[in-house]
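Working notes, beginning with the structure itself.
Please read these numbers as outputs of a predicted model, since none were measured by experiment. A note on names: the letters A, B, ... follow the listed sequences, proteins ahead of strands, and every chain is numbered from 1.
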Amino acid sequence: MSLPLLKNFPAIVNLVSPKSCQSSFVRQMHTTRLSSEKRETNPSAESKNPDDDSAKQVRVFVRKKRATKTVQAIVEATKPEILDQKPCSLPEIEDFAYGKQSSFSCSKEVQPPANWEKVIEGIRKMRSSEAAPVDSMGCEKAGVSLPPKERRFAVLISSLLSSQTKDQVTHGAIQRLLQNDLLSAEAINKADEGAIKELIHPVGFYSRKASNMKKVAKICLDKYDGDIPSSLEELLELPGIGPKMAHLVMNVGWNNVQGICVDTHVHRICNRLGWVSRQGTKQRTSTPEQTRESLQLWLPKEEWVPINPLLVGFGQTVCTPLRPRCGICKISDYCPSAFKETPSPSSTPKKKRAFIE
DNA sequence: CTCCTGGTTC
DNA sequence: GAACCCGGAG
């Protein structure tokens with residue numbers, strides 16, 4: 001569908017694309033845009049107050065974490081500029097902003113890979129027959145019995161600890177923190193870093209993570225009243241939180257889907273399936289971030305959250321990094337990489353190359 | 001690119 | 001004895 005309202009606003013259209021249908025980014029761009037325009041119209045005027053009323057309004061609404069309010073705020077903020085346009089209805093804009101429409105005027109349409117629905121269905125069947133570590137130990141399970149604020153903090157800390165660490169180990173560390181009442185911003189901020197190091201010890205990079213935990217706890221206390229940041233860009237400012245964890249925390253911590261959480265499993269499997277490629281080429285993506293952007297171009301948004309546990313579990317049990325078990329994989333017929341990994345490690349692997357395209 | 005960490009797995 | 005862990009930072 002075309003959106004007459006948004007058509008003449010490239011900044012908006014870009015940011016409301018499926019690539020980044022992120023209300024917070026929309027808000028950010030809008031405030032940036034409004035303030036920069038004000039500077040343009042009043043170059044000599046005082047720029048000491050970059051936030052005019054409408055920009056402030058946007059911020060207030062966004063803090064409420066309500067999609068409808070956010071979109072209303074966007075419409076309101078752009079109202080002076082769209083008087084000669086034919087406005088869309090609110091639900092239309094909202095659908096557009098949240099990626100529910102199948103077509104987008106801003107980017108060339110990307111065809112979903114053939115049989116992707118059969119592939120997902122096949123993986124679901126395999127996953128239901130064999131339990132994977134992620135099912136019981138994933139950090140989205142962290143603190144399910146806790147009140148919302150504490151649960152969110154548990155999710156954040158669990159994410160911090162989980163990188164390059166087996167799920168069981170992460171889970172154990174979280175349990176020990178919980179038993180010692182060290183799973184809140186206040187407690188961690190006061191706690192001794194050495195004590196934290198001891199508690200989380202078996203996790204990978206425990207020293208750096210203990211240090212990051214202290215810093216994160218302090219930031220959460222000072223800036224967010226002991227809660228965790230609620231937007232992607234604010235989460236990314238925390239030490240030890242990168243894109244993968246930021247999306248995970250937004251998804252399971254805030255139940256606010258802004259992007260696909262792409263880890264090594266999702267990255268590897270999407271490339272094996274031929275689901276993603278570098279822009280303009282058919283070459284495989286080289287980083288998880290490239291995979292995320294490529295995948296988000298065609299994967300329907302309802303799958304953005306479930307795709308992660310689905311593929312992670314699949315990657316832990318069947319489509320393993322080394323020696324994938326293509327023999328028991330039910331979707332090998334659809335997989336261009338099936339049975340194509342280097343068969344014998346004895347024949348001089350030389351440089352590291354897990355499999356051949 | 002390298003480092004951070006150490007237990008596990010092949 | 002590499003390569004692997006639901007990565008991130010420099």
Side-chain angles (χ1 to χ4, degrees), chain A residues 123 127 131-142 154-174 193-194 196-216 219 232-233 235-253 259-272 285-292 295 304-325 341-355:
Chain A
I123 297 176
R127 293 280 280 101
V134 69
D135 294 328
S136 54
M137 304 291 183
C139 54
E140 57 269 27
K141 301 287 191 298
V155 168
L156 180 68
I157 295 300
S158 182
S159 301
L160 259 181
L161 297 182
S162 71
S163 72
Q164 296 297 106
T165 305
K166 290 192 174 175
D167 298 318
Q168 277 175 301
V169 177
T170 309
H171 188 255
I174 290 291
E193 189 172 317
I196 298 175
K197 206 184 285 187
E198 296 288 321
L199 275 176
I200 65 173
H201 172 260
V203 305
F205 317 138
Y206 59 90
S207 186
R208 176 165 298 188
K209 283 171 181 173
S211 161
N212 282 342
M213 275 174 66
K214 291 285 289 181
K215 291 176 190 165
V216 165
I219 294 173
L232 203 65
E233 59 267 33
L235 282 168
L236 288 170
E237 289 173 7
L238 301 178
I241 298 293
K244 188 261 172 184
M245 295 310 182
H247 282 291
L248 183 70
V249 172
M250 285 307 290
N251 290 178
V252 309
I260 300 171
C261 175
V262 175
D263 53 64
T264 59
H265 292 294
V266 177
H267 178 54
R268 176 183 71 255
I269 294 169
C270 285
N271 275 292
R272 280 182 179 169
T285 58
S286 53
T287 66
E289 273 296 275
Q290 282 178 15
T291 299
R292 185 179 62 79
L295 191 58
W304 283 21
V305 172
I307 195 74
N308 178 269
L310 185 75
L311 293 191
V312 170
F314 181 55
Q316 287 172 333
T317 57
V318 179
C319 198
T320 47
L322 209 55
R323 286 177 286 277
R325 300 159 69 187
E341 100 277 17
T342 51
S344 62
S346 57
S347 63
T348 63
K350 290 183 178 179
K351 303 292 181 184
K352 53 180 175 183
R353 193 161 45 147
F355 59 94

C/dA3 to B/dC3 separation - P atoms, rounded to the nearest Å: 15 Å
N/O (side chain, A/Q164) to phosphate O (OP1/OP2, C/dG8) under 4.0 Å: no
Of A/P239 and A/K166, the one whose closest DNA chain C nucleotide lies more 5': A/K166
A/N308 side chain near A/I260 side chain, heavy-atom distance below 4.5 Å: no
Nearest to side-chain heavy atoms of A/M245, which nucleotide of C/dG7, C/dC5, B/dC10: C/dG7
Residue A/K244, side-chain atoms from C-beta onward, closest of C/dC6, B/dG6, B/dC3: C/dC6
Pi stacking test for A/F205 and C/dG7: under 5.5 Å apart, planes under 30°: yes
B/dT2 to C/dC4 separation - P atoms, rounded to the nearest Å: 15 Å
Out of C/dC4, B/dC10, B/dT5, whichever nucleotide has its closest atom nearest the side chain of A/S207: B/dT5
Atom-to-atom span, CG of A/L160 to P of C/dC6 - whole angstrom: 16 Å
Nucleotide nearest A/L322 when distance is taken to its side chain, options C/dG8, C/dC4, C/dC6: C/dC4
5′-ward residue of the pair A/L238/A/D263 relative to DNA chain C: A/D263
Sugar-phosphate, base or nothing in reach of A/G204, heavy atoms under 4.0 Å: base
Phosphate OP1/OP2 of C/dG7: any A/T264 side-chain N/O under 4.0 Å: yes
Pairwise P distance, B/dG7 and C/dA9 [rounded to whole Å]: 25 Å
